[in-house]
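Next up is a structure, given as structure tokens.
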Amino acid sequence: MGTDTARQACAALPAGADDSSRTLRVAGRLRALRQHGKTAFADLDDRAGTIQLLLRVNELGEGPYQEWLADLDPGDIVGAEGNPAVSRRGEPSLLVRSLTLLSKAIAPPPEKYHGFQDVEERLRRRYVDLLASPEVRDRFRARTELISEIRKYFDSAGFLEVETPILLRVASGAAAAPFVTHSNYLDVDLRLRIAQELPLKRLLVGGLERVYEIGKTFRNEDLDSIHSPEFTELEAYWAYADYQDMRALTEGLFDKLARRAVELVPTPQVEKAAAAFRPPFPTVDFVDELERRSGIKDLLSRSREELRELARSIGSTVPDNSSTGTFLDKLFEHYVEPTFTGVTFVVDFPLATTPLARRHRSKPGRVERFEVFTPAFELANAYTELTDPDEQAERFRTQLGERGDDRYAYDEDFVEALRYGLPPTTGIGIGVDRLIMGLLGLSSIKDSILFPLVRAR
RNA sequence: GGGCCCGUAGCUCAGCUCGGUAGAGCAGGCGGCUCUUAACCGCAAGGUCAGGGGUUCGAAUCCCCUCGGGCCCGCCA
């Protein structure tokens with residue numbers, strides 16, 4: 001039985017009493033051992049919580065009692081059988097009749113009061129971090145539960161969960177450097193996906209009208225408090241809907257997850273963090289807000305050179321040959337992003353920033369796109385999808401021409417797929433590790449990932 | 001890539017400013033204690049002071065380099 005059941009069995013007893021008519025059995029890890037000559041106390045943890053073991057010469061006998069105490073160390077994994085009891089000080093306890101050593105901890109657990117503090121060691125040896133800290137175990141359980149909620153949400157909205165390839169000949173769908181590996185059999189270099197977007201949209205061409213995928217995505221770039229080379233991404237595509245529909249769906253998801261997060265981890269930190277994900281959310285028009293904050297007029301009619309000079313004037317050191325979209329992004333990052341105080345929806349981006357989105361129906365020079373920002377990071381990116389194969393081909397070429405490298409790689413087969421007809425569609429990508437960070441109030445993406453990549457030493 | 005900070009016992013930390021035999025608590029060992037919950041009391045043990053080089057009669061301490069980590073900035077659209 002779990003320690004929670006065992007504790008309940010003790011609940012009715014008065015302090016100092018035990019009930020020899022009932023037998024309890026628990027198994028778990030010894031956390032602390034307090035010896036008092038012929039009596040000893042130990043705390044035993046399992047997935048359900050903790051219970052005190054009460055060991056006495058009276059029940060175990062002099063010889064076995066001394067042998068047990070000589071053998072036991074904090075960190076050992078034991079099974080215990082005995083009677084429900086309450087200590088004289090009122091602690092629910094298992095009065096032990098017999099003990100079984102299930103696994104010996106040869107390496108000692110971290111110091112019991114301060115715990116495992118060394119940030120680097122906690123990442124390199126996450127198993128020690130987990131065994132030493134119930135809070136860390138709770139955090140990662142919550143992560144899994146929240147991802148499970150995401151699945152339920154999309155499932156109940158009629159979305160089909162699918163798996164698309166991680167190994168690809170062309171890694172496209174985002175602007176990022178891929179990891180490259182090699183197939184010995186095919187004798188060809190393969191890339192790890194940098195997004196799930198293009199395979200998922202192919203599925204909509206194929207008639208699966210609502211699909212989503214949650215899985216690892218890989219970007220061969222920097223590692224810092226909000227970037228991990230391997231991260232969990234959610235992407236969803238929805239035919240016969242546009243980005244306004246997607247916004248409503250997203251807000252519903254955030255609302256549900258915010259409520260669930262507080263249930264899972266009812267701490268002030270999480271309550272505060274999760275509250276920020278309760279609708280309604282402020283909306284910021286990319287161009288209007290940037291013009292208002294910066295005082296720059298007619299942003300969309302500025303030449304690339306003008307935008308470059310404007311970016312230079314705020315201290316950006318991006319290369320001269322960067323794209324128009326890059327300069328606009330730099331200006332936005334500088335003038336607007338620091339003003340966000342909570343979860344914010346930024347809408348209707350300049351066309352130049354986004355090669356896969358549909359042109360805005362009423363705002364010239366824009367795409368139908370929203371991004372979700374928190375004060376700390378970009379969280380989600382959604383748009384009404386571009387469905388026209390000729391325009392898609394043209395946009396890939398423009399992107400390549402401006403950047404002069406092979407990012408946002410031209411995916412020829414994807415353009416071919418569009419020729420068969422992609423229904424009007426909206427799609428979204430959400431950084432799941434970051435979403436967990438936001439909901440639980442974590443400041444580093446490494447706190448959201450069980451085994452983050454660390455440098456060899 | 002730049003700046004700042006950190007690395008001392010298995011764990012949590014002092015010691016570094018101002019150079020002079022490397023310390024404490026927890027864990028582990030031995031002894032004591034029949035109600036503790038950071039149990040307590042006593043004894044003994046435990047070190048590549050991240051690594052390398054330099055200055056010095058003498059370096060954990062001062063200087064340089066390297067490695068690892070954290071934070072900030074830049075870059076990554």
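Chain identifiers are assigned alphabetically (A, B, ...) following the order of the sequence lines, protein sequences preceding nucleic acid strands; residue numbering begins at 1 within each chain.
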OP1 or OP2 of B:C73 versus the side-chain N and O atoms of A:Thr317: is any pair under 4.0 Å?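 For B:C73, neither OP1 nor OP2 has a side-chain N or O of A:Thr317 closer than 4.0 Å.
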
Measure from the side-chain heavy atoms of A:Leu54 and tell me the nearest of B:C35, B:U12, B:C76.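 Nearest listed nucleotide: B:C35.
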
Is any NZ, NE, NH1 or NH2 atom of the basic residue among A:Asp320 and A:Arg312 found under 4.0 Å from an Asp or Glu carboxylate oxygen of the other?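 Salt bridge between A:Asp320 and A:Arg312, a charged N being under 4.0 Å from a carboxylate O: yes.
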
Using a cut-off of under 3.5 Å, enumerate the N/O to N/O pairs linking the protein to nucleotides 42-46 of chain B.
none

Donor-acceptor contacts under 3.5 Å from residues 13-22 of chain A side chains, at least two apart:
from	atom 1	to	atom 2	distance (Å)
A:Asp19	OD1	A:Ser21	N	2.9
A:Asp19	OD1	A:Ser21	OG	2.5
A:Asp19	OD2	A:Ser21	OG	3.4

Validation: residues 34-42 of chain A side-chain donor-acceptor distances under 3.5 Å, sequence neighbours left out:
from	atom 1	to	atom 2	distance (Å)
A:Arg34	NH1	A:Asp43	OD2	3.0
A:Arg34	NH2	A:Asp43	OD1	3.1
A:Arg34	NH2	A:Gln52	OE1	2.9

Measuring only the C1' atom in each nucleotide, how far is B:A77 from B:G69? A whole number of Å is fine. 29 Å

Whole-Å P distance, B:G53 and B:U61: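 My reading of the P atoms in B:G53 and B:U61 gives 13 Å.
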
In the structure shown, which nucleotide is the Watson-Crick or G-U wobble counterpart of B:C49, with both distances under 3.5 Å?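 None - no nucleotide pairs with B:C49, as no candidate has both distances under 3.5 Å.
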
Name all residues meeting the salt bridge (Lys or Arg N to Asp or Glu O under 4.0 Å) criterion together with A:Glu394; count only those two or more places apart in sequence or in a different chain, and write none if there are none.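 Partners of A:Glu394 by the salt bridge (Lys or Arg N to Asp or Glu O under 4.0 Å) criterion, ordered by chain and then number, come out as A:Arg397.
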
Return the set of residues passing side chain to side chain donor-acceptor pair (under 3.5 Å) with A:Arg358 (not counting sequence neighbours), or none when no residue passes.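 Testing A:Arg358 for side chain to side chain donor-acceptor pair (under 3.5 Å), a comparison that skips the adjacent residues, returns none.
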
B:U37 P sits how many Å from A:Asp43 CG, rounded?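 These atoms are roughly 11 Å apart.
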
What pairs of donor and acceptor atoms, side-chain ones from residues 135-143 of chain A against any protein atom, are under 3.5 angstrom apart with sequence neighbours left out?
from	atom 1	to	atom 2	distance (Å)
A:Arg137	NH1	A:Leu130	O	2.7
A:Arg137	NH1	A:Leu131	O	3.3
A:Asp138	OD1	A:Arg141	NH1	3.3
A:Arg139	NH1	A:Asp447	O	2.8
A:Arg143	NH1	A:Asp433	OD1	2.8
A:Arg143	NH1	A:Ser448	O	2.5
A:Arg143	NH1	A:Ser448	OG	3.3
A:Arg143	NH2	A:Thr232	OG1	3.2
A:Arg143	NH2	A:Asp433	OD1	3.2

Sorted by chain and residue number, the ring-ring contact (aromatic ring centres under 6.0 Å, His included) partners of A:Phe414 (sequence neighbours excluded) come out as none

Check this for me: does any side-chain nitrogen of one of A:Glu81 and A:Arg25 sit under 4.0 Å from a carboxylate oxygen of the other?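 Counted as a salt bridge, because a side-chain N and a carboxylate O are separated by less than 4.0 Å.
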
Are any of A:Lys38's side-chain N or O atoms less than 4.0 Å away from OP1 or OP2 of B:G32? no

Would you kindly compare A:His114 and A:Leu72 by the position of their nearest RNA chain B nucleotide and give the one closer to the 5′ end? A:His114

Taking the same atom, P, in B:A38 and in B:G2, what whole-Å distance lies between them? 48 Å

Watson-Crick or G-U counterpart of B:A59, or none if no pair lies under 3.5 Å: none

Whole-angstrom distance between B:U17 and B:C63, as gauged at atom P: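 Here B:U17 and B:C63 have their P atoms 9 Å from each other.
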
So what does A:Phe327 hit on the nucleic acid, given a heavy-atom distance under 4.0 Å: a base, only sugar-phosphate, or nothing? nothing

Protein-to-nucleotide contact annotation, 5' to 3' order, nucleotides 1-10 of chain B [B base; S sugar-phosphate only; - none; under 4.0 Å, heavy atom]: ----------

Using whole Å, report how far CD of A:Gln35 lies from C1' of B:C41.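 Computing the A:Gln35:CD to B:C41:C1' distance gives 14 Å.
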
note: A:Asp447, atom CG; B:G70, atom C1'; distance rounded to Å ~ 12 Å

With A:Glu67, which residues qualify under salt bridge (Lys or Arg N to Asp or Glu O under 4.0 Å), at least two apart? none

Is there any ring-ring contact (aromatic ring centres under 6.0 Å, His included) pair reaching into residues 338-367 of chain A, and which pairs are they, with sequence neighbours excluded?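 Non-adjacent pairs meeting ring-ring contact (aromatic ring centres under 6.0 Å, His included): A:Phe281-A:Phe345, A:Phe286-A:Phe349, A:Phe340-A:Phe373, A:Phe345-A:Phe370.
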
Euclidean distance, atom NE2 of residue A:His227 to atom C1' of B:G74 [Å, nearest integer]: 13 Å

Rounded distance in Å between the C1' positions of B:C71 and B:C26: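 Going atom to atom, C1' in each nucleotide, I get 29 Å.
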
Which is more 5' along RNA chain B, the nucleotide nearest A:Ala70 or the one nearest A:Asn58? Just name the residue.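 By nearest-heavy-atom nucleotide position, the 5'-most residue is A:Ala70.
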
Tell me which residues in residues 5-19 of chain A lie within less than 4.0 Å of RNA chain B, going by non-hydrogen atoms.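 Within residues 5-19 of chain A, no residue comes under 4.0 Å of RNA chain B.
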
Who is the Watson-Crick or G-U wobble partner of B:C4, with both distances under 3.5 Å?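 Per the H-bond distance test, B:G70.
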
For A:Asp46, all residues meeting salt bridge (Lys or Arg N to Asp or Glu O under 4.0 Å), sequence neighbours excluded: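 Expected list: none.
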
Rounded to whole Å, how long is the line connecting atom CG of A:Asp71 with atom C1' of B:C30? 16 Å

A:Leu30 has an atom CG; how far is it from atom C1' of B:A27, in whole Å? 14 Å

Between B:G69 and A:Arg455, is there an OP1 or OP2 to side-chain N/O distance shorter than 4.0 Å?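 Looking at the OP1 and OP2 atoms of B:G69, one of them is under 4.0 Å from a side-chain N or O of A:Arg455.
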
So A:Glu111 and A:Phe116, do their side chains get closer than 4.5 Å, heavy atoms only?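 A:Phe116 vs A:Glu111: side chains apart.
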
Does B:G70 have OP1 or OP2 under 4.0 Å away from a side-chain N or O of A:Lys446?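 Answer yes for this pair, as a side-chain N or O of A:Lys446 is under 4.0 Å from OP1 or OP2.
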
